[in-house]
Amino acid sequence: MKAQRAPKPAPVRGMQDFLGEQAERFDHVVGRFRDVARRFGFKPVMVPVVEATSVFARTLGETTDVVSKEMYTFPDRGGDSLTLRPEFTAGICRAYVSEGWQQFAPLKLVTHGPLFRYERPQKGRYRQFHQIDAEVLGAAEPQADVELLAFADLLLKELGVAGVTLQLNTLGDAETREAWRAALVAHFSAHRDVLSEESLRRLETNPLRILDSKEPGDRALVADAPVIDAFLTAEAGAFFEAVQKGVQASGVAFERAPRLVRGFDYYRHTAFEFVSDALGAQATVIGGGRYDGLIETMGGPHTPAVGWAGGIERLMMLCGEPEVAPIEIAIVPLTVSDEGIAMELAALLRADGLRVELGFSGSEKKRFEKAKKAGAWRLLNVGNTGSGWTELRLRNLVANEDAEPVRARILRSIKRAFHHSDDPETRMIKIFGPL
RNA sequence: GCGACCGUAGCUCAAUUGGUUAGAGCGCCGGUUUGUGGUACCGGAGGUUGCGGGUUCGAGACCCGUCGGUCGCCCCA
């Protein structure tokens, strides 16, 4: 009778495991991000995955979907309401306030990691997803916005992401936004009869979001809706002008998107999205903007700030296949008694910077097969001859123009090692080949 | 929260469209052959067809329910 197997565990809905190419792509996106960030002078920052619920509830806007129905919120054992972060900005601003980071302002920061939203999963959208994030805290100048846009643009180029366009807009300052908002409310209120149910609700809670509506009926109304430009104060207009000029000077292509708004309430002035047509329903790859008032509303000093976040899973789908450095040498002991010297060699070559795979499972044939599959350029066949000599056989298994320098390195490392060895046994080495 | 489609070996898929013992490739294990040691062949293990009901002489195929997945709506990176 067969033993009953426990039922197969499944991952939590909307959360995924990465292996192989997927994991390599993830690593690649983060790696390029870090590298480009350095070149722009951004420093790493780490903030907790969990915050007090109020950190997000207040800042994102009580009426936004994320806060009202998508947060992973739970009481901890002490009864405090905690929330798994649904985005980065609020947490970073909280840290800025609680840790007194204003002493370091202006701060150019990058971070990355998991975020959580209780949404229905689909292509490019998961309940645990990952973002790269860049923020400039304490800089009121439009140059900060420009630098952030140039950063994102260069990153996308280096990742080989094609078919992405930058959509740029301004949401103006508080005065602008108020005037525009009133005009929008007036416009949409006059056409209540044709507005979709969803948009009617938003008319009360968040009228800017009606501009995002995809309802065919709303689209026509949205097309006629007043554009923000007419309401821009002189200051807000000049700021946006400076951003556009700077972006152009930086060689970043963009489109003016007068109806682009942002999901969270804290945004002011610059708002932007890098949009792809290759992701199905999830078009935005990187999105962000300026949020000058946020830190103040959290009880901090008035601090102008800008930032963006990019979806790692989405970037993974768009970027070219990453190059993975192959194993340079596979060491294959022929018998159990050869494993000692094989391990010694492996330790040595690895310490010398070589990428080494040690094959010690399965039959001799299997070991060689695995060595080949690892992509090894060379194969060391380790074994003892009857005479007590240790026999090493260097073989070139893969045609590769880099093979010769690698062989030289291997031989150099081996020589050095055995020169320093006190064990006379291990000095008795014959190196065969290659070729 | 709503909608559409889909669930068959570890993975990717078949099964003449309701008919007998559910097949193949890859992967895994073993063997034979091969030796500039990425070859070829042979064999083996592995499935309560997501789960539960129903229709039928007969269900992997049809119906209902349920769970899961995918994609879309909503929203967002």
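Chain naming here is simple, since letters A, B, ... match the order of the sequence lines and numbering starts at 1 in each. Fair warning: this is a prediction, and the values are worked out from it, not measured in the lab.
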Point to revise | Mate of B:rC28 where both pairing distances stay under 3.5 Å, Watson-Crick or G-U | key: B:rG44
Check your understanding: Ring centres of A:H130 and A:F26 under 6.0 Å apart?
Key -> yes
Practice item. Provide the distance between the two P atoms, one in B:rC67 and one in B:rG23, to the nearest whole Å. Key: 33 Å
Review point. What's the CZ-P distance between A:F274 and B:rA77, to the nearest Å?
Key: 14 Å
Point to revise | Pairwise P distance for B:rC57 and B:rA14, with rounding to whole Å | key: 31 Å
Check your understanding: B:rG69, B:rC71, B:rA77: which one has an atom nearest the side-chain heavy atoms of A:Q131?
Key -> B:rA77
Check your understanding: What's the CD-C1' distance between A:E119 and B:rC2, to the nearest Å?
Key -> 15 Å
Check your understanding: CZ/A:R13 to CZ/A:R127 distance, rounded to the nearest 0.5 angstrom?
Key -> 5.5 Å
Review point. What interatomic distance, in whole Å, is found between C1' of B:rU48 and the corresponding atom of B:rA59?
Key: 14 Å
Check your understanding: Whole Å only: how far is the CZ atom of A:F272 from the P atom of B:rA77?
Key -> 11 Å
Exercise for review: Look through every strand shown and name the nucleotide pairing with B:rG18 as Watson-Crick or G-U wobble, where both distances are under 3.5 Å.
Suggested key: none
Review point. Starting at the 5' end of RNA chain B and moving along, which residue's nearest nucleotide shows up first, A:P121 or A:A309?
Key: A:P121
Exercise for review: Starting from P on B:rA77, measure out to OH on A:Y118 and report it in whole angstrom.
Suggested key: 20 Å
Review point. Roughly, in whole Å, what's the span from CD in A:E313 to P in B:rU70?
Key: 13 Å
Review point. Mind checking the P distance from B:rG7 to B:rU49? Whole angstroms is fine.
Key: 15 Å
Check your understanding: Expressed as a whole number of Å, how far does the P atom of B:rA24 sit from that of B:rA45?
Key -> 12 Å
Exercise for review: Output yes when at least one side-chain N/O atom of A:Q122 is less than 4.0 Å from OP1 or OP2 of B:rU70, else no.
Suggested key: no
Check your understanding: Is A:N169 reaching over with its side chain to a backbone N or O of A:L260, donor-acceptor style, under 3.5 angstrom?
Key -> yes
Check your understanding: Does B:rC13 have a Watson-Crick or wobble partner in any strand here, with both distances under 3.5 angstrom, and which is it?
Key -> B:rG23
Review point. Starting at CZ of A:R13 and ending at C1' of B:rU66, how long is that distance when rounded to a whole Å?
Key: 14 Å
**Study point:** Paired nucleotide for B:rC5 [Watson-Crick or G-U wobble; both distances under 3.5 Å]
**Key:** B:rG69
Review point. Rounding to the closest angstrom, what is the interatomic distance between B:rA15 and B:rC74 at atom P?
Key: 37 Å
Review point. What distance, rounded to whole Å, do you find between the two P atoms, one in B:rG35 and one in B:rC28?
Key: 24 Å
Check your understanding: Between A:R32 and A:D35, is there a side-chain N and carboxylate O pair less than 4.0 Å apart?
Key -> yes
Practice item. Could you grab the distance from atom CH2 of A:W180 to atom CD1 of A:I228, nearest 0.5 Å is fine? Key: 4.5 Å
Study note, to complete from the structure: Atom NZ of A:K123 and atom C1' of B:rU70 are separated, to the nearest Å, by 11 Å
**Study point:** Heavy atoms of other groups near A:Y118 OH, more than 12 under 6.0 Å
**Key:** no
Exercise for review: Would you mind telling me which of B:rG69, B:rG72, B:rA77 lies closest to the side-chain atoms of A:R125?
Suggested key: B:rA77
Point to revise | Integer-rounded Å distance: B:rG1 C1' and A:R127 CZ | key: 11 Å
Check your understanding: Mind checking who B:rG52 pairs with, Watson-Crick or G-U wobble, both distances under 3.5 Å?
Key -> B:rC64
Exercise for review: Find which nucleotide of RNA chain B each of A:R120 and A:V12 is nearest to by heavy atoms, and output the residue with the more 5' nucleotide.
Suggested key: A:R120
Exercise for review: Could you work out the separation of B:rC26 and B:rG72 based on their P atoms and round it to a whole Å?
Suggested key: 34 Å
Check your understanding: Across all strands, who's sitting opposite B:rU34 as a Watson-Crick or G-U wobble pair, both distances under 3.5 Å?
Key -> none
**Study point:** Carboxylate-amine/guanidinium contact A:E51 A:R94, below 4.0 Å
**Key:** yes
